[in-house]
Amino acid sequence: MEKEQLAQILAELVPGLEINSSKEILEVKAASNTWHELAGKLASDPRLQFNYLHNLYGVDWQTYFTVIAYLDSTILGYSLIVRTEVADHDNPSLDTISDIWITANFQEREIYDLLGISFSNHPDLRRLFLEDGWGFPLRKDYKDDINFIER
Amino acid sequence: MNSVAQYFSDIFKAIRSLWKGLMVTGYYFVHPKQIVTQQYPENRKTLEMFDRFKGEVILVHDTDNTHKCNGCGICQLNCPNGSIEIITDSAVNEDGKSERIIDKHIYHLSMCTFCGLCVKSCPSNALAFSQEFEHAVFDRQKLTKVLNQPGSKIKKEPKVPKPAPAPAPTPVTEEVPNPAN
Amino acid sequence: MQEVELQDILTAREDGDYIINIGPQHPSTHGVLRFVVSLKGETLEYVIPHCGYIHRGIEKMCERLTYPQIIHLTDRMDYLSAHMNNEAVSLAVEKGLGIEVPDRVKYIRTILSELQRLASHQLWWAAFGMDLGGLTCFFYGLRDREKILDIFEESFGSRLLHSYICPGGLMNDIHPNFQKRTKDFITYFRKKLPEYDELLTGNIIFEQRTKNIGILSKEEAVGYGLTGPSGRGSGFACDIRKRFPYSAYDKVNFKEILYNEGDTWARYKVRMDEMWESMRIIEQLIDNIPEGDFTAKMKPIIRLPEGEYHQRVETARGELGVYIISTGEKNPYRMHFRTPNFSNLFVMNRLAAGFKIADLIAISGSLDLVIPDIDR
Amino acid sequence: MPFNIYDFSTTTKAVDEFLKANMSPTWAFITELTIVGLVFLIFYAIVGLYLVYAERKVCAFMQNRVGPNRVGKWGLFQTIADLIKLLMKELITIKKADKLLYNVAPFIVIIASFMAIAAIPFAKGLHAVDFNIGVFYMMAVSSIGVVGILIAGWSSNSKYSLIGAMRSGAQVVSYELSVGLALVSVVIFSGSMQLSTIVESQANGWWIFKGHLPAIVAFFMFLIASTAEINRGPFDLAEAESELTAGFHTEYSGIKFAFFFLSEFMNMFIVASLAATVFLGGWMPLHIGNLEAFNRIMDFIPPIFWYFGKTIFVIYLIMWFKWTFPRLRIDQLLNLEWKYLLPINLVNTLLIAFLVLMGWYFK
């Protein structure tokens, strides 16, 4: 079974990783300080070769943020979901993975723009859609008195 | 010598490929019958929209000025843009009971995205799409329409024992959030 | 990484670089998109895309709408792939509810997706020809697209933004004429498509404008997440229809078009060949639409169980991913769209740097960008 | 007043004599100049406007459309309505533009194309100035236009305009050579640079037929190179609307824009009439060998119709190119000139010189 095989490799690679294989796609949870390290291993390990990051997005859970990466290995055909929690809600920060997958560059910029998670070591962390000084609209506590009509 | 041959064959190929393209446009130039333009204001009389064309939402009225809307407000809840507002009133029916009727069924055409959720969700099939498509007006307020005609009444169903419950969707009882009000 | 920071642009200006804004109002950006371009003569030094001019906050809006209401917003992302966008959300919701839609729905959804793909590629061909200066292409492409829009209009009442596929099935059944009209269109378009080739594909000027322009290797295409026909032009086998079949794609027989050149010409050829494949798929399905309901049994209010759901769909421009996080409410807690154009746009600098300014237009045309899909 | 549609020289002579008989020679000369000027102005306006109309109709038919059909029958007055609209538009001047050059540029362009009309022989005797170096004059005058374009691009103080102007400069300078060489081939054939003599030399057959293959090659070279020289068709890089929005005339509005627009179409007319004159026999009717009856019928058609018919044919060819082909890139454009057109043209000219030297052509 592909999923179990993958889970086994991951368990060998990073001991003590939280692996959830109950879903359609295997999910692993990384601590936010091992995020970059894990990403590097996933991309470079010859048994995994996760070369295609097809999605990266964040969620605001009011007290903390979650950043979720969807990975594909186009060579070996594996799929994987990697998630991490950014605990500091006031000053969220995470290591960038844009040096591993180029496409993360822009997806991180989008997350920074809309959720306000800043990515350390990011080469070009600017607002993508909105102006500087705009709030972070995808946060749950975002308020916009002018453009927002509360029901 | 080879490159010289290449040079001339390149020229020949280029001319051939260009000639092919010229033949396509040339063909249409000498076949004016293939013109597909519809001359719109002139063909207004013969122009027929498809039956299902979503022009604007209307409240279907019968010839005796009755409609089927009982003012339940499901269309208002289902509309994603808040383009429908229903103002209800109550009236006494022939049985002497107070009954909910619509006072005004207000429709903001300017906000409508023609998603069709109101027509689909209407439990009494009172709403429909009309084929009207010429919506341009000079005054934006004209786009806010009252759908029920003045003096119109709710259609009285003849009191026959009801057949099996109609396959109409069950009415929504809960409030559905609506982003704009 | 060749990304240049804004500060660099400002300093570069003092150094005497020739900086041009292509867009936001420009005939060839196909919408409100801005490229900040630095030139040396006619040669591009770097290209910085700036987006956000039509950012509408669809993801935020989705958080306050119910699932059936979300459908009409997805139309407005990639308006040329409206059906596929609708389908993606519907599939994700159905997956969350654990509903199996009737076969009839699956078949119709697949046919519609392919018709939409044809329409989208026709418009792309038209606009690409126009980008390169052949204005006649524009009218031929639109002429044929009109026939598809007529089919759409007859069945669902609207031409561009259908909101036709909804969670659980379809809004209403297809029109009785649908099959006949579609077959008529396929016979018609099989005659017209070779004309496209004669007019543009074989043309020597066109070949020179596209061959060896904006080359991207397969590895880079994967790294940039360049999907859809643009990715397949680089040899990246990214067709979701093949990799993770949905709807009725597992029942049909079609080729995944792959070219290995990775240049503008390859991206062009992928789309041209895909039109033939789309017609093949439609032909396989159109006569075999099973009888049955056009929608599965649905509750009037859809509440997704708590959890995360995602669905990937191949739109005309690449991979569209819908990611829903539900907390059991009737509206999603967080909704995210991984739109194909978003990834495709940011490869511009890598592709265009070092080429001529006219090539920038050809490259951005070959990526087939739809701007509302980038900004959302 | 004698009027002969087959020979306008009697008419012009009669007008000349009438004027000279009634006023002093100086005044007669001035009056003649005024008449010619006015006639050309009206002619220019009508031809310019109807070329725009023709272009719109031709491209519409090629694109499965009907084209303008609202103003007047078949939209015949559409361009006049457009002109009135352009006349009423505000003349926007860019704040940082070089005011003098910015305002002068459209006039330079339009005057250049206006001057070229003077040397065209429309029909027998219908000729404003018959230079003995007519071909040379046309070449010289039509190159002035590019100065206007360069000035327009430079003075607009816009980057798009400047790129467009520079492209146009490079393009015209290089394609001038091919146009010149293609014309030289006919000059060699006819042994004269005077346009009327060139036309007369084609009385027994047009040069494109008399000159074998080299003349045909020269004709197509001329067609391609002149299309490039007037910034049209697949060579419209100077205004490439999908790249540079509108190139050198991005910043112009109203009637100044109309000047650029009109002069572009007039240049097309001039080029087409030059091609008709030197290669297709000008106002000479089509004669085929010894078919006396056929030749008689052809002679019956007035020369002015022959002239316009040929010009319209060439104009149609140029329009056909424009509405079929995608645009070239600037480096490919220069490649085409320096690597293909110029060498072929040079060889062709040599070949023609050789043919003429040996007398191997139909006399």
Side-chain angles (χ1 to χ4, degrees), chain A residues 22-25 27 43 49-62 66 68 70 72-75 77 79 81 83 98-107 109-111 113-115 122-132 134 137-140 142 144 147-151, chain C residues 1-8 48-57 59-60 63-64 95 218-227 231 236-238 240 243-244 307-310 312 318-319 321-323 325 327 333-340 342-347 350 374-376:
Chain A
S22 62
K23 296 267 181 62
E24 182 192 358
I25 295 174
E27 281 188 23
Q49 299 188 31
F50 283 108
N51 53 352
Y52 174 33
L53 173 81
H54 67 85
N55 185 35
L56 184 72
Y57 76 113
V59 191
D60 177 22
W61 291 100
Q62 316 225 357
T66 316
I68 309 165
Y70 284 73
D72 263 8
S73 165
T74 56
I75 302 156
S79 297
I81 300 173
R83 56 172 68 235
S98 59
D99 50 339
I100 299 159
W101 298 290
I102 304 170
T103 176
N105 187 327
F106 313 105
Q107 302 194 350
R109 267 178 76 185
E110 193 196 346
I111 295 173
D113 191 11
L114 301 177
L115 276 167
H122 191 283
D124 184 28
L125 201 64
R126 282 183 282 129
R127 301 294 297 240
L128 187 63
F129 299 135
L130 303 172
E131 302 162 19
D132 292 332
W134 198 288
L138 280 183
R139 286 192 184 179
K140 290 285 169 183
Y142 173 77
D144 185 340
N147 302 313
F148 232 56
I149 302 161
E150 205 66 44
R151 193 184 170 81
Chain C
M1 275 323 304
Q2 293 184 332
E3 270 307 301
V4 185
E5 285 193 45
L6 202 64
Q7 201 55 47
D8 290 355
I48 303 173
H50 282 239
C51 48
Y53 290 93
I54 32 174
H55 177 69
R56 293 151 296 177
E59 287 175 13
K60 186 73 179 172
E63 290 176 9
R64 334 182 95 236
K95 203 192 255 180
K218 184 182 168 185
E219 284 68 33
E220 277 174 307
V222 178
Y224 273 104
L226 185 70
T227 51
F236 174 25
C238 54
I240 306 294
R243 290 177 63 210
F244 308 104
E308 290 180 26
Y309 309 99
H310 77 274
R312 296 160 75 179
E319 178 189 328
V322 174
Y323 302 85
I325 293 182
T327 50
Y333 183 77
R334 168 90 164 91
M335 188 122 181
H336 180 70
F337 297 101
R338 184 256 186 236
T339 49
F342 182 76
S343 305
N344 292 6
L345 167 71
F346 290 103
V347 78
R350 166 65 192 77
I374 299 165
D375 291 349
R376 299 196 286 290

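Side chains included, hydrogens not; waters and symmetry mates left out as well; all remaining heavy atoms used. In what follows, chains are A, B, ... by sequence order, proteins preceding strands, each numbered from 1.
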Engineer: For C:Lys60 versus A:Lys140, what's the shortest heavy-atom pair and its separation?
Structural biologist: NZ-CA, 4.5 Å

Engineer: Between C:His310, C:Arg338, C:Glu319, which is the residue that forms a side-chain hydrogen bond (donor to acceptor under 3.5 Å, both in side chains) with A:His54?
Structural biologist: C:Glu319

Engineer: Tell me, side chain or backbone of A:Glu110 under 4.5 Å from chain C's heavy atoms, or both, or neither?
Structural biologist: side chain

Engineer: Taking atom CG of A:Asn105 and atom OH of C:Tyr224, what is their separation to the nearest 0.5 Å?
Structural biologist: 8.0 Å

Engineer: Counting only non-hydrogen atoms closer than 4.5 Å, does A:Asp72 touch chain C with its backbone (N, CA, C, O), its side chain (CB onward), both, or neither?
Structural biologist: side chain

Engineer: For the CG atom of A:Asp60 and the OH atom of C:Tyr333, what is their distance to the nearest 0.5 Å?
Structural biologist: 5.5 Å

Engineer: For A:Ile25, which atoms come within 4.5 Å of any heavy atom of chain C: side chain, backbone, both, or neither?
Structural biologist: side chain

Engineer: How long is the straight-line distance from CD1 of A:Ile68 back to CD1 of C:Ile325, given to the nearest 0.5 Å?
Structural biologist: 4.5 Å

Engineer: Give, for atom CD1 of A:Ile102 and atom OG of C:Ser343, the distance between the pair rounded to the nearest 0.5 Å.
Structural biologist: 12.0 Å

Engineer: Non-hydrogen atoms of chain C under 4.5 Å away: do they reach the side chain of A:Arg83, the backbone, both or neither?
Structural biologist: side chain

Engineer: Looking at every non-hydrogen atom in both residues, tell me the closest pair between C:Gly225 and A:Tyr52 and how far apart they are.
Structural biologist: CA-CE1, 3.8 Å

Engineer: Taking atom OH of A:Tyr57 and atom CZ of C:Phe337, what is their separation to the nearest 0.5 Å?
Structural biologist: 11.5 Å

Engineer: Going by the rule salt bridge (charged side-chain N to carboxylate O under 4.0 Å, His left out), which residues pair with C:Asp375 if we only count those two or more places apart in sequence or in a different chain?
Structural biologist: none

Engineer: Tell me every residue that passes side chain to side chain donor-acceptor pair (under 3.5 Å) with C:Glu59, counting only those two or more places apart in sequence or in another chain.
Structural biologist: C:Arg334, C:His336, C:Arg376

Engineer: Are any non-hydrogen side-chain atoms of C:Thr327 and A:Trp61 less than 4.5 angstrom apart?
Structural biologist: yes

Engineer: Pick from C:Glu220, C:Glu308, C:Glu219: which one has the most heavy-atom pairs with chain A under 4.5 Å?
Structural biologist: C:Glu308

Engineer: Working to the nearest 0.5 angstrom, can you tell me the gap between C:Tyr323 OH and A:Tyr70 OH?
Structural biologist: 6.0 Å

Engineer: Counting only heavy atoms not in C:Lys95 (residues, nucleotides, ligands), do more than 12 fall under 6.0 Å from its NZ?
Structural biologist: yes

